[in-house]
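Remember, it's 1-based here, ligands and their atoms both numbered in the order they're listed. Treat the numbers as computed from the prediction; the structure is a model and nothing was measured.
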Amino acid sequence: MLLKIQETADFLRAKIPSEPKTAIILGTGLGNLVTQITDKTEIPYEIIPNFPVSTVEGHSGKLIIGKLGNVDVLAMQGRFHYYEGYDMKAVTFPVRVMKALGIETLLVSNASGGVNPDFEIGDLMIITDHINLFPEHPLRGKNFSELGPRFPDMSEAYSKELIAKAKRIAAENNIRVVEGVYVGTTGPTFETPAEYRYFRNIGADAVGMSTVPEVIVANHAGIKCFGISIVTDLGVPGKIIEVTHEEVQEIGNSVQPLMTLIMKELINQ
Ligand code: HPA
C-alpha cells in the first residue's frame with residue numbers, strides 16, 4: 001500500500017504546479033464549487049495510477065487543482081462509495097494520497113436524509129461528529145505507523161475551530177445552518193421508516209452513505225476535517241416520502257451555492 005500511495009503521489013506531484021495544503025471532497029452532484037476554482041488543472045480519475053474509477057451517475061470523477069479565492073486547493077469531484085463495490089481501502093485511498101501530497105485540511109460535502117425533526121429539506125448541516133455503521137473499517141488490518149497510529153483518537157473528528165468559523169461565516173451571510181451528527185451507512189437503499197427511527201434513536205441527526213470512511217482515514221493521518229451535509233429529504237415520522245436519486249440531486253443543486261460560499265470563505269480566512 002505504501003508504494004502505491006507514493007506512486008500515485010509522485011504522478012500527481014509531477015502534474016500539479018502548486019503545493020495545496022487544503023483538499024475538498026465533493027459529494028454526489030455537488031460539483032458547483034469547482035466552477036469557482038481558477039487556474040485549473042483537471043485530472044480524470046481514469047488516468048491516475050491506482051485510483052479506482054467512479055461509476056455512479058452524477059459523478060464526473062476528476063481531480064481539480066487550482067485556486068479557490070487565494071488558496072491553493074485540490075478538489076475531488078466525485079468520490080468512491082462503498083455501495084459501488086469498492087472495499088474501504090479503495091474508498092479511502094485518495095485521502096492517503098492527499099496526505100502524501102502534504103494536505104493538512106480536508107473539507108467534505110455530501111447529501112443526507114435528515115432524521116432530526118427540527119430539520120427542513122434543503123438545510124445545510126455542519127457535521128459536528130459521526131457514527132460509523134459501515135460493516136468494514138478502513139483501518140482494519142496491518143497498521144502502517146508511517147501513516148498513523150494503530151488506535152487513532154477520534155474525540156474531535158471534525159475540527160471545532162473550523163465548525164466555529166463556518167457558523168460565523170453562515171451567520172454573517174444570513175445562511176441558515178444546522179449542526180448535527182452524521183451516521184454513515186452502506187446504502188444503496190434509502191432507509192425504511194424503522195431504520196430512520198433507529199438512526200434518530202442512536203443519536204444521529206442525518207444519515208448518508210459516505211464521508212465517514214474518508215474522515216476516519218484523514219484523522220488517522222492527522223488531517224484536520226470539516227464536513228457539511230445538504231439535507232435532501234427527511235426521515236422524520238409523518239414527513240417520509242419516496243426518495244429518488246434525482247430528487248436528492250435537485251435539492252443538492254439548489255443549495256450548493258450557499259455551501260460553496262461557506263467552504264470558500266472558510267479556507268480564505
Ligand atoms: N438516506 C441515506 N442517504 C441519503 C439520503 C437518505 O435519506 N438522502 C441523501 N442521501
Side-chain angles (χ1 to χ4, degrees), residues 24-33 54-61 76-86 88 91-92 107-136 138 158 176-216 227-260 263:
I24 304 170
I25 301 177
L26 296 165
T28 309
L30 303 181
N32 165 276
L33 180 136
S54 184
T55 56
V56 86
E57 213 183 311
H59 291 237
S60 42
M76 280 181 72
Q77 184 171 12
R79 58 151 63 88
F80 304 106
H81 295 90
Y82 189 68
Y83 64 74
E84 292 176 86
Y86 305 111
M88 280 299 183
V91 168
T92 57
L107 275 49
V108 294
S109 67
N110 62 49
S112 65
V115 294
N116 181 325
D118 297 331
F119 286 4
E120 294 164 16
I121 287 179
D123 271 346
L124 286 171
M125 183 184 93
I126 294 175
I127 303 175
T128 54
D129 204 349
H130 75 218
I131 298 172
N132 177 20
L133 287 190
F134 286 93
E136 185 192 341
Y158 299 81
R176 172 182 151 101
V177 287
V178 295
E179 289 172 74
V181 173
Y182 175 93
V183 59
T185 181
T186 61
T189 45
F190 293 110
E191 285 65 34
T192 64
E195 286 165 345
Y196 282 128
R197 188 167 64 239
Y198 161 68
F199 290 142
R200 182 62 186 153
N201 284 339
I202 63 168
D205 295 285
V207 51
M209 308 173 194
S210 67
T211 300
V212 168
E214 295 108 314
V215 168
I216 288 174
I228 190 159
S229 185
I230 299 183
V231 178
T232 56
D233 53 276
L234 293 173
V236 171
K239 294 188 181 168
I240 299 175
I241 49 164
E242 191 187 336
V243 196
T244 65
H245 183 61
E246 289 69 31
E247 275 166 357
V248 165
Q249 298 224 316
E250 249 170 57
I251 302 283
N253 270 333
S254 61
V255 191
Q256 279 195 76
L258 302 177
M259 193 182 77
T260 297
M263 284 187 157

Please check if the side chain of S112 supplies one atom and the backbone of G208 the other of a donor-acceptor pair under 3.5 Å. no
Do T211 and R79 come within less than 4.5 Å of each other through their side chains, counting heavy atoms only? yes
Enumerate, atom names and distances included, each donor-acceptor pair closer than 3.5 Å involving a side-chain atom of residues 125-133, sequence neighbours excluded.
| unit_1 | atom_1 | unit_2 | atom_2 | d |
| --- | --- | --- | --- | --- |
| T128 | OG1 | G180 | O | 3.1 |
| H130 | ND1 | Y158 | OH | 2.8 |
| N132 | OD1 | F134 | N | 3.0 |

Using side-chain heavy atoms (C-beta onward) and a distance below 4.5 Å, is N253 in contact with N32? no
In V231, D233, I121, D123, the residue satisfying side chain to side chain contact (heavy atoms under 4.5 Å, CB included) with I251 is I121
Ligand 1: protein residues within heavy-atom distance under 4.0 Å: A111, S112, G113, F190, E191, Y196, V207, G208, M209, T232, D233, V248
Taking Y83 for its side chain and T189 for its backbone only, find out whether a donor-acceptor pair lies under 3.5 Å. no
